[in-house]
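Letters A, B, ... are given to chains in the order of the sequence lines, protein chains preceding strands, and every chain is numbered from 1.
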Amino acid sequence: MVMEGGGSGNNSTPIIDKTRVLDVEPLRTLVPVFPSSSKAPPFGPYSSGFAPFYPFSAPQGSQATPDLNQQTHTTPAAPLRSFRATESNGDAFDGEYESYDGSTGSAKRRPKSSSQKRARKIQDLDFTLSVDENNFVVGVSLSERDDGNREVVHSIQMRFDALRRRLSQLEDAKESPAGIIRRADLKAGNILMTKQVRTNTRKRIGTVPGVEIGDIFFFRMEMCLLGLHAPSMAGIDYMSVRNDLEEEPLAVSIVSSGYYDDDAEDKDVLIYSGQGGAANKDKGATDQKLERGNLALERSLRRGNEVRVIRGMKDSVNQASKVYVYDGLFRIQESWVEKAKSGCNIFKYKLVRIPGQPDAFGVWKSIEKWREGLSSRAGLILPDLTSGAESVPVALVNDVDEEKGPAYFTYVSTVKYSKSFKLTQPAYGCNCRNACQPGNLNCSCIRKNEGNFPYTANGVLVCRAPMIHECGPTCPCFPNCKNRASQTGLKARLEVFKTKDRGWGLRSWDSFRAGTFICEYAGEVIEKVSQVGEGEGDGYVFDTSHVYESFKWNYEPGLVEEDGSIEAIEEPNVPSPLVISSKNVGNVARFMNHSCYPNVFWQPIMYENNNESFIHIAFFAMRHIPPMTELTFDYGKSCSGEAAADGGSTSRGRRKCLCGAPICRGYFG
DNA sequence: GAGCTTTCAATCCT
DNA sequence: CAGGATTGAAAGCT
């Protein structure tokens, strides 16, 4: 292990970590330089106006720049009333909407004129929230509805969660304790189901296109929408299949989530209980019958068809909720009848995982072991590279080669502003006691966020915004106020690991649901890129003045608010360019690699400290991220011609991108 | 095809 | 905080 101090001259900062490093050539490059946009790197087939997630044509580049000072005075959101999602008339959308043509990148989100002529239809009048037929765009073509692909699956999953978060936000803001939107997951699911924003509707045995082994879900409705497992509650999904002259039911997927007494200890074997009977405890336990799902499983045993297995378990971060992992294809090996404790008969099915599939549940099992003790962790170099600077350890591992660690740096958990750096923002906090309450428009911090509390009750970011305003150290509310989500330090067990071909990277033992705060970008705020010292141009700088690929993350416009025709801007906007160097001083964020199809995005967050407002760059999960998945964000590209002229450095500039995404732009930085 | 039934949800409440 | 009560949505069935 290489522990050697020094090297860096800045002894003024306490040296927390001394992982001295060897020959690490950091992969990221920063700074500069496309002389002109015309020389921008070649774009993939999707790039013209295609946001990787779903076909919204979001404004690109020069976003209307709202004046942040004025923004704090904007009127709060309209008062909220009630909501109901059900859509009575199912007048078909088939044919009414042009399908999205991914190959040209043209996003056609407008209905054809025939439907435009139709009077704007608002569902129930006692709601503020409703479906606006003219502004809602399905965005899923007829063929994509039958058979999905990765993009469509991600798009639908993200749209579902964006809507669910928004509905939760509205629910949180209600004064009445028993809200109208009780189940935001079901409401969001119901809206998208009704609108045919779903895929893989045709039931099938085996793989579901676009859904990959290891994908995770936090609600059963997500799996309904994606066609992975159709029933909203039942554990066994089956379909009728013609066999010779008759039809028989065959199981296509099962969810094992602990409600019954399954045996799910082995990652390759699952003992699954049949449905019915013993479940009905109130009616007195009865024998399970060989019907419905049980019959289908029995027939699938005979037929030997593949059955998808989804394993549900407690979320390690949020013990109250559940996470579902798609564990791939299994085959039913045998079945039997067992006497349950209640004395009645239940069916048991032994499912065996088909070999050769990537680990999914197995990864979770391994992580469980690592939590108990790191001795089982292969390639471990350091148990905690922060040396206690964070409340959770960050492991350093390398199981691909002999390199012993990244180049030396000092670990800090937050961004450091130099004294000379001043923002002209007026600084004032709220006057809330205890914790700021969603819906309380007397809270000035909430008013700064357009009246919306930025986070849901379980701490997930609801929407992106040009700027998020959190409560700061001088706000009188308690430190556990939910409007400080980005200030609580690391919560997940992260690890820095050696990638195969992109230097060091960052990943997590814990899964993230979309919108979860992961970490901020810590480092030293520098005034100009030119201040980056010699040798620092090779990486480790975050620069808000880069041009970032635009993408849509927030909930559907035209779907929730009645006046949803106005699509709120969600692209980040900072009053003046912010450049943070993590070369010498930084946190885990400095290890996050670039991807053209990232799973993490950055969001500027402002809060006050000592009568000054400071901006922090916070990273949030773009979509659900399974454990041990590399975390990546879009580095954007430098567009400054001056930077190119400056020094004429040839060593700087764009870097060849190795992200491997289908929509890879080829270069970044 | 409306209505009923079943169902390894999810959340609230105690 | 575990567990019971409550409210639920989809799809198969009748």
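- Paired regions of DNA chain B, where each region holds three or more successive Watson-Crick or G-U pairs whose two hydrogen-bonding distances fall under 3.5 Å, are B:2-7 with C:9-14, B:9-14 with C:2-7.
- For the pair A:D185 CG and B:dC12 P, the interatomic distance rounds to 11 Å; values are reported in whole Å.
- The nucleotide whose nearest atom lies closest to any side-chain atom of A:F219 is, among B:dT11, C:dG8, B:dC8, B:dT11.
- Centre separation under 5.5 Å together with a plane angle under 30° holds for the ring of A:Y272 and the six-membered base ring of B:dC8, marking them as stacked.
- In this structure, the CZ atom of A:F217 is 16 Å from the C1' atom of B:dA9, given to the nearest Å.
- With rounding to the nearest 0.5 Å, the separation of CG in A:L226 from CZ in A:F160 is 9.5 Å.
- In this structure, A:M193 and A:Y238 both approach DNA chain C, and ranking their closest nucleotides by distance from the 5' end singles out A:M193.
- A:K203 comes within 4.0 angstrom of the backbone, heavy atoms only, and of no base.
- When the nucleotides C:dT7, C:dA9, B:dT7 are ranked by their closest atom to the side chain of A:L186, C:dA9 comes out on top.
- At a non-hydrogen distance threshold of 4.0 Å, A:M233, A:A234, A:G235 from residues 228-237 of chain A come into contact with DNA chain B.
- Residue A:Y455 is tested with A:Q169, A:K482, A:E470 for a side-chain hydrogen bond (donor to acceptor under 3.5 Å, both in side chains); the sole match is A:E470.
- Cation-pi check for A:R464 over A:F601 is met; the charged atom lies under 6.0 angstrom from the ring centroid and within 45 degrees of its normal.
- Among the protein residues, A:S321 comes within range of no part of the nucleic acid, since none of its heavy atoms lies under 4.0 Å from any strand.
- Distance A:R292 CZ to B:dC8 P: 11 Å, rounded to the nearest Å.
- Judged by distance alone, the side chains of A:R513 and A:S321 do bring a donor and an acceptor atom under 3.5 Å apart.
- We find that CD of A:Q275 is positioned 7 Å from C1' of B:dT7, with the value rounded to whole Å.
- At least one side-chain nitrogen or oxygen of A:R198 sits closer than 4.0 Å to the OP1 or OP2 atom of C:dA11.
- For the atom pair CD (A:Q437) and CG (A:N442), the distance works out to 12.0 Å, reported to the nearest 0.5 Å.
- Taking the ring axis of A:Y272 as reference, the NZ or CZ atom of A:K348 does not stay both within 45° of it and closer than 6.0 Å to the ring centre.
- A donor-acceptor pair shorter than 3.5 Å can be found between the side chains of A:N458 and A:T456.
- Listed pair A:Y259 / C:dG3 fails the phosphate criterion, with no side-chain N or O lying under 4.0 Å from OP1 or OP2.
- A cation-pi geometry, defined here as NZ or CZ lying under 6.0 Å from the six-membered ring centre and within 45° of its normal, does not hold between A:R371 and A:W364.
- The phosphate of B:dA9 (OP1 or OP2) has a side-chain N or O of A:Y324 nearer than 4.0 angstrom.
- Between A:R164 and A:E291, the residue whose closest nucleotide on DNA chain B is further toward the 5' end is A:E291.
- In this structure, the ring-ring contact (aromatic ring centres under 6.0 Å, His included) partners of A:F517, at least two apart in sequence or on a different chain, are A:F620.
- Of all nucleotides listed (B:dC8, C:dA10, B:dA10), C:dA10 comes nearest to the side chain of A:M221.
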